[in-house]
Protein chains: 4
Amino acid sequence: MERKILRTECPDSKGLIAQITSICFQHQLNIIRNTEYVDPVSGQFYMRTELEGQFDDDRLLSELDFILPAGSERSLHSATKRKRVVILVTKESHCLGDILMKVFDGSLQLDIVAVLGNYNDLAGLAERFSIPFHHICHQQLSRQAHEQAMLELIEHYAPDYLVLAKFMRILTPDFVGRFPERIINIHHSFLPAFIGAKPYQQAFERGVKIIGATAHFVNNELDEGPIIEQMVSRVDHNYSAQDMAKAGRDVEKAALSRALQLIQEDRVFVHGNKTVLL
Amino acid sequence: MERKILRTECPDSKGLIAQITSICFQHQLNIIRNTEYVDPVSGQFYMRTELEGQFDDDRLLSELDFILPAGSERSLHSATKRKRVVILVTKESHCLGDILMKVFDGSLQLDIVAVLGNYNDLAGLAERFSIPFHHICHQQLSRQAHEQAMLELIEHYAPDYLVLAKFMRILTPDFVGRFPERIINIHHSFLPAFIGAKPYQQAFERGVKIIGATAHFVNNELDEGPIIEQMVSRVDHNYSAQDMAKAGRDVEKAALSRALQLIQEDRVFVHGNKTVLL
Amino acid sequence: MERKILRTECPDSKGLIAQITSICFQHQLNIIRNTEYVDPVSGQFYMRTELEGQFDDDRLLSELDFILPAGSERSLHSATKRKRVVILVTKESHCLGDILMKVFDGSLQLDIVAVLGNYNDLAGLAERFSIPFHHICHQQLSRQAHEQAMLELIEHYAPDYLVLAKFMRILTPDFVGRFPERIINIHHSFLPAFIGAKPYQQAFERGVKIIGATAHFVNNELDEGPIIEQMVSRVDHNYSAQDMAKAGRDVEKAALSRALQLIQEDRVFVHGNKTVLL
Amino acid sequence: MERKILRTECPDSKGLIAQITSICFQHQLNIIRNTEYVDPVSGQFYMRTELEGQFDDDRLLSELDFILPAGSERSLHSATKRKRVVILVTKESHCLGDILMKVFDGSLQLDIVAVLGNYNDLAGLAERFSIPFHHICHQQLSRQAHEQAMLELIEHYAPDYLVLAKFMRILTPDFVGRFPERIINIHHSFLPAFIGAKPYQQAFERGVKIIGATAHFVNNELDEGPIIEQMVSRVDHNYSAQDMAKAGRDVEKAALSRALQLIQEDRVFVHGNKTVLL
């Protein structure tokens, strides 16, 4: 008995759920949980089906292809196989540390295959958890050369996702374009408030009563990719910009690790510039 | 084009979703949203299907009966028809006031057919919103006689649900037994903490840092019926028992009105002593 | 025995708390609660002192003036006297209804002296609670003439504060300038995200996972005045812009009524474009 | 320039704040923040004063003794000196891991002097952070002998506090009595709900919609000591008891580390069976 996730995405039409679940039934698969969403504006259909049984993947998928309209996407994922991630960092340790510890204690079922830093500061932390750390210094390299060096390393590890865990450099469109819907960033504000640099300083100056963090896919618009998760925390007049940054760490960690868990469970669908979480 | 909610509850078996949604498809009904749950311990299957189209209720239900196992429950509800509720109150106005205002401004799509108080204090409030108020005083009546008087009045209004909006009397098993899964109470604590009388006083004495409220179905175990919704609010050492009670009003209102909205939308299934919210 | 709130605001210097509380002590006043804040950047000192006893207001204040530096502000407020507010509305009822109900049930100790609408829609609601409603239609009037008509009416009621409870018109600098730090608005977004028109539509299009509301003082920068309170609520991909607006009502109500409670309790100090809540 | 925390606890009387802050003023100390609380029932006065300047500790304290009533407690603590803690664990890593990581990244300014386990499972985790780990197995030892062995080790480290980070053994009154208000436990429920064993199983069976965790001082009533912090998290019908336990880890970690931060900042006062957090 295996457990797999079937993800389906296609233009909506009547009877889709019946047709897809009928095929699952013919395969003697048990549906543990089924969640679907139809976007009322675009009419796009999204479904995540958690299945249990004996799988004949090729036959199942080809039978689905037979009934699904043109332009459909469908895929079958093992529920237990860990996604491979490469984590990119700069100097701040809290997001990396949180992910490492959650993987360590089993809260997060990812496979961290490598950590890559443009500074060397977090080498010791990664090594404590026996994760290879690579220092690819951006200094004395052109942006292209630096990204090229990163790409070669990343390619070597063949990750499913790149996680920017407080990686403080902006990636070029060329780099981003190689990993569509596969780069996850944690931005230290409640987007779209405080886009860009120094969001805690901006939040402090505006006198907000709540700060936040946003985990999102990276595309080529700065801080504009599809939002996966957001979390917030109350602050008050006693908080300096530094205090806000410190309090913000907890929400950054929480939002990022929640986003990674959704990714690991194959729950995140991208719909234009938004996400559908099933 | 109508919109209806199909609720199904039965022992789980492979292919149920496929069979049920196929029948909907044959009826040319569009599935707006479908949510289901299978209890892994009991193997009970629950499904809520939001449908749109032209309905032939009798034929749809009888075709479902044909495929559903013995002991199944299924029902079809108009998505726009308002549930009829009678609200029972004592003296405190905040829960009644909140429901009245939410119905007034359209946030809650209930039909409040009457308010019934064992004191007269809230007559004016109900009347401001043109809702009939009935004062059935419990004094100088035996418990049986008082409940009998209430029952006659309630029967007259033929409500779908009774809502105990800070009704401070305990109902007899006989009364409760007449409305299985149809009486909703708001208890002023985060159950099962502080069961029974004066929960805020108990919370104050224990020095808790969070207080709560619980909306639940009433059965014949005091404060033990299936929980529909719970909400909480932070307190601190500055709060007296009275301050806690005052802060608690907001969570009481919020939990009760959220429970009523779930009820109105046909989302609440009872599974033993728990609820499944689909 | 009376209870009063002493508010002090001045440049910080060593010994201020000692000097102020010593004067209170000499007046045989008991300090129920004392909260203070010194802004580390500007060095401005803020203190709220809750006092109990027999008050000789003039002597207390003049003794304070003797020790406080030039440019200080200090004031003494009865803890039990209700602030007089005029509420400005357009068509949406939820914020007005919430305030009316909270005053009715005693949760909010304000004195609503009048409701003023640029449409007539909410007249009936105000009248249910025996509050005078005035319809000053903006149509067929110049902006100046409309504001002039409002001003005359407002003057008549001599309110301490104006509350914009979903008043959907922008006030002129001239109007705003007459009520410095005395106009409170509820903005239907988590400022500074989604400044301006149709914030829920903007939030929907951006695909945020949390929406919010902001209660703030009105100054002459649109949506830029000092923030008093912010609250948030989770949303997901199932929410249309309309659903977000509906869910947003609850946070709007909650943020506005919390801000009004802070105002009523003399807790809000304005410090540049921020608030200090003591 | 040093920064210190003055903690005062005594029966209330008029003029206390004035007298205490006057002495601070005479010492040319600047008050960064002052927070006080008077319990209205017992009339006990609590104050935390954050001071900056040049300290003559002995003279300051003896001058305070001169004005404070008999039975007063006052103490002066360096704001930068880290509290020494020994952490007791069993097998679960999440609370220990969270504290280790927060100390590592600077979020928590404690000095973890040792970790003590009744199992050996977490030795490797402590050692990754270069913290001495001691395995004192309880098997084949009487309860007294086991506690005696722990006591000897603890004494060696002279900690300010013991932290029970999922230490799954009940301590004897004799052991507890040696560390009054110095043992902090994390209980995996929202106390007083689900006192005792297997709280998540109990929560699952009751069908609650919110689970919680409680950080509290340990006294000799099981799960009954003064509560320092509580946190909660929403769950639903999809959560098994195991899922609740897993979701509960995050609140356990958060509540415990928040409690430790309050302890580190000298904010926690014990008042009967409650805490006052200043």
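The chains referred to below are lettered A, B, ... by the order of the sequence lines, with proteins before strands, and numbering in each begins at 1.
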Is it the backbone or the side chain of [X] that comes under 4.5 Å from a heavy atom of chain B, or both, or neither?
X     : result
A/I23 : neither
A/Q28 : both
A/I20 : neither

Side-chain donor-acceptor contact under 3.5 Å, [X] with [Y]:
X     : Y      : result
A/H94 : A/E252 : yes
A/K4  : A/S78  : no
B/D39 : B/S42  : yes

Would you mind telling me which of [options] has the largest number of heavy-atom pairs within less than 4.5 Å of chain B?
options                    : answer
A/Q26, A/R33, A/M47        : A/R33
A/N30, A/I32, A/I31        : A/N30
A/G53, A/P40, A/S22, A/C24 : A/S22

Positive for ring-ring contact (aromatic ring centres under 6.0 Å, His included) with B/F269, one of B/F217, B/F45, B/Y46, B/Y37: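 Going through the options one by one, the only one that passes is B/Y46.
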Salt bridge flag under 4.0 Å for residues A/D250 and A/K253: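 Judged by the 4.0 Å cut-off on N to carboxylate O distance, A/D250 and A/K253 do form a salt bridge.
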Which portion of B/L16 sits near chain A, non-hydrogen atoms under 4.5 angstrom: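 Neither part; nothing is under 4.5 Å.
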Cationic tip of A/K83 above A/Y161 ring, under 6.0 Å, 45° of axis: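 So A/K83 doesn't make the cation-pi contact.
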